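Proteins come first, then strands; the chains are lettered A, B, ... in the order of their sequence lines, and each starts at number 1. Note that the structure is predicted; figures quoted are calculated from it, not measured.
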Amino acid sequence: MFIVLSRVGAQVMATRVTSEGVHVSEHAVNGLPRFVAEHEPEHPRWVWHDTAEWYPELLRSRVRIQRCFDLRLCHTILRNSALSQSSELAQSEAGAWDALGSGLLSPLEGRPTPAHSTLFDFEQPHVRPAVDPLEVLAEFERQRVALAQSADSSRLARLLAAESVGALIAAEMRFAGLPWSVTAHDVILTEMLGSRPTVEGDRPSKLQYLAEQIRSLLDAPQLNPDSPNDLLRALNVAGIQTSSTRAWELKQLKHPAIEPLLEFKKLSRLLAANGWNWLDAWVHDGRFRPDYVPGGVVTGRWATSGGGALQLPHLIRGAVIPDSGWKLVVADASQLEPRILAAMSADRGMVEAGASGDLYEGIVASGAVETRAQAKLAMLGAMYGATTGESGRLMPKLARAYPRAIRMVEDAARAGERGEVVSTQLGRSSPRGADIGTYDESLTPAQRSAARERGRSWGRFTRNFIVQGTAAEWALCWMASIRIRLDAFADGTWFTDSAHLVFFLHDEVVIHAPVESADAVAALVAEAAQEAGRLLFGALPVTFPLTLAVVDRYDAAK
DNA sequence: TCTGAAGGCGCC
DNA sequence: AAAGGGCGCCTTCAGA
């Protein structure tokens with residue numbers, strides 16, 4: 001059973017729809033949280049236009065749901081998927097739901113969505129777009145039909161369910177927040193940079209000292225080391241041959257100024273990206289609440305908006321500290337993408353190589369390459385499309401040992417070069433490439449060469465798309481399975497009062513768990529990883545080992 | 001004074 | 001250590 005929610009102004013409407021699309025009843029809802037709480041025990045699938053617009057209000061009222069159908073996210077998948085290409089939904093002109101998917105417009109009205117606030121604020125009045133009930137029901141019906149008529153509705157249905165539960169998890173993780181110690185963060189910053197300057201814009205003492213040292217060693221008293229132009233000029237004037245100021249290039253050079261310069265760059269980056277200003281803006285009441293954007297990447301990976309949550313430097317992870325009496329359970333899927341490739345291509349040899357626990361050692365044991373480092377390099381090259389260097393040279397060895405796996409990524413690359421669409425295991429398809437490889441006699445040799453390079457570049461994208469996208473699907477299934485298992489564990493208590501997900505990073509999760517439940521949670525996370533494998537790849541005997549740690553600081557894991 | 005591109009670098 | 005894929009966000013800087 002589905003319950004479709006929509007609203008005009010402040011009035012919420014609820015429509016019951018059967019799985020055959022029959023509208024059973026419709027009525028006005030007064031008091032949304034109470035209504036949802038009353039009907040949740042039936043475990044309907046709640047249908048709404050955008051989880052981020054509906055669910056936070058419910059969570060603030062301590063109402064949680066098990067299942068939803070996020071029309072905005074599912075619309076994007078169904079319109080692009082090769083499996084649902086023939087549907088009316090995919091064939092029709094782009095409309096309001098597409099603008100909504102791109103984040104540009106609110107649905108059905110053509111006005112901009114309210115900007116996300118930069119600070120998490122429970123009191124902030126929420127501006128909501130009106131969502132016409134008929135439009136929401138019509139879109140749900142189009143999606144239902146597109147799914148039913150698709151070339152493989154069971155795979156696609158699984159993807160839509162996973163994408164939707166991901167949206168619930170994103171809202172719940174933001175609500176719960178990542179436990180963050182302002183004190184510990186300040187200690188890290190002060191040790192590395194010196195104490196916080198009292199005047200905004202001044203450099204902390206250690207950074208200031210390094211800047212002076214660099215100016216003196218380069219004999220450039222006015223130099224601003226934060227300015228690439230300025231710095232490049234000063235380096236060249238000092239006789240240092242370099243065409244850029246990138247750290248890895250500077251590392252090749254020999255000059256007394258290089259070492260303090262590299263240190264300056266590291267610390268300057270820390271200050272700018274995760275210094276005291278970041279702490280003021282993003283950590284409140286002992287929690288970091290990033291704004292996750294499910295489906296924010298074309299491959300299906302999540303993005304975040306503000307706070308840079310997916311780029312948390314290892315340097316400051318020591319500030320992630322559980323509440324007193326709680327632990328962090330940190331789990332990271334080992335060698336996820338190579339294992340995904342092995343499974344999706346059903347390459348028995350590569351699956352077998354991963355069975356022992358270290359896929360790269362397994363590749364060495366098979367005799368394909370000589371060292372673990374070579375195995376890793378070769379696999380990265382296969383998934384990213386390396387053509388040069390050691391990685392490129394190792395590829396043929398890999399192709400001989402694992403023909404099915406390598407053929408799969410090569411085929412995806414060739415398809416992309418021809419401008420064709422490729423798809424993940426559950427049916428998320430790549431965007432169509434713009435005029436790939438189309439060049440005629442009128443082009444100059446330089447233009448043809450540029451066109452070929454664009455084609456190859458798009459091929460590297462589609463090559464990686466199938467692996468990265470399927471890994472993202474695995475991660476969604478993993479988290480969904482963790483969430484269900486944690487619920488069983490919570491036994492009816494509010495989810496933040498027992499073990500709950502607080503962070504997600506592509507192939508890694510962090511769970512905030514009471515001390516006494518931490519070990520059981522770790523076990524459940526490992527079971528969920530195997531279930532995710534079954535959800536994607538059925539009976540194929542592929543394993544997804546985890547690196548698991550129960551810790552008192554995030555940086556103590558690994 | 002604002003805006004967008006470029007250079008650079010953090011994460012997977 | 002990068003290369004080869006995907007991102008977000010900082011500062012600087014040129015142009016409107």
Please tell me which of A:R203 and A:E390 maps to the more 5' nucleotide of DNA chain C, matching each residue to the nucleotide holding its nearest heavy atom. A:E390
Taking 4.0 Å as the cut-off, does a side-chain nitrogen or oxygen of [X] come that near to OP1 or OP2 on [N]?
| X | N | value |
| --- | --- | --- |
| A:T245 | B:dG7 | no |
| A:T299 | C:dC7 | no |
| A:N229 | B:dG7 | no |
| A:H314 | B:dG10 | no |
| A:K265 | B:dC9 | yes |

Any base atoms under 4.0 Å from [X], or only sugar-phosphate, or nothing? Heavy atoms, all strands.
| X | value |
| --- | --- |
| A:A382 | nothing |
| A:G308 | sugar-phosphate |
| A:S244 | sugar-phosphate |
| A:G296 | nothing |
| A:T304 | sugar-phosphate |
| A:L377 | base |

Tell me which nucleotide among [options] gets nearest to the side chain of [X].
| X | options | answer |
| --- | --- | --- |
| A:R301 | C:dT11, C:dG6, B:dG8 | C:dG6 |
| A:V298 | C:dG6, B:dC12, B:dG8 | C:dG6 |
| A:A386 | C:dG4, C:dG6, B:dC11 | C:dG4 |
| A:R317 | B:dG7, C:dG5, B:dC11 | B:dC11 |
| A:R246 | B:dC12, B:dC9, C:dA3 | B:dC9 |
| A:S227 | C:dG5, C:dT11, C:dC13 | C:dC13 |
| A:A303 | B:dG8, B:dG10, C:dC7 | C:dC7 |
| A:L505 | C:dT12, B:dC12, C:dG5 | B:dC12 |
| A:D226 | C:dC10, C:dG5, C:dT12 | C:dT12 |
| A:W248 | C:dC9, C:dA3, B:dG7 | C:dA3 |

My understanding is that a pair needs two contacts under 3.5 Å, Watson-Crick or G-U wobble. By that rule, which nucleotide pairs with C:dG4? none
If you take the centroid of each ring, where Trp contributes its six-membered ring, are A:W278 and A:H185 closer together than 6.0 Å? yes
Would you sort out whether A:N274 and A:Q311 count as a side-chain hydrogen bond (donor to acceptor under 3.5 Å, both in side chains), showing the intermediate values? CA-CA 10 Å; A:N274 297 98; A:Q311 303 131 261; over 6 Å; no
Give a yes or no on whether A:K397 atom NZ has more than 12 heavy-atom contacts from other residues, nucleotides or ligands under 6.0 Å away. no
Could you state the atom-to-atom distance from [atom1] of [X] to [atom2] of [N] in whole Å?
| X | N | atom1 | atom2 | result |
| --- | --- | --- | --- | --- |
| A:L312 | C:dG8 | CG | C1' | 12 Å |
| A:K376 | C:dA2 | NZ | C1' | 13 Å |
| A:I316 | C:dC10 | CD1 | P | 13 Å |
| A:E337 | B:dC11 | CD | C1' | 13 Å |
| A:I466 | C:dG4 | CD1 | P | 20 Å |
| A:N274 | B:dC11 | CG | C1' | 11 Å |
| A:E473 | B:dC12 | CD | C1' | 17 Å |
| A:H506 | C:dG5 | NE2 | P | 16 Å |

Please check: side-chain N/O of A:S81 versus main-chain N/O of A:G427, any donor-acceptor pairing under 3.5 Å? yes
For A:S429 and A:A82, indicate whether the former's side chain and the latter's backbone hold a donor-acceptor pair under 3.5 Å. yes
Anti or syn - C:dG4, cut at 90° from 0: syn
Please tell me if the side chains of A:H314 and A:D555 come closer than 4.5 Å, counting only heavy atoms from C-beta onward. no
Let's test your reading of the model: under 3.5 Å, does the base of B:dC9 pair with the side chain of A:R269 as donor and acceptor? yes
Should the pair A:R339-A:D507 be classified as a salt bridge under the 4.0 Å nitrogen-to-oxygen rule? no
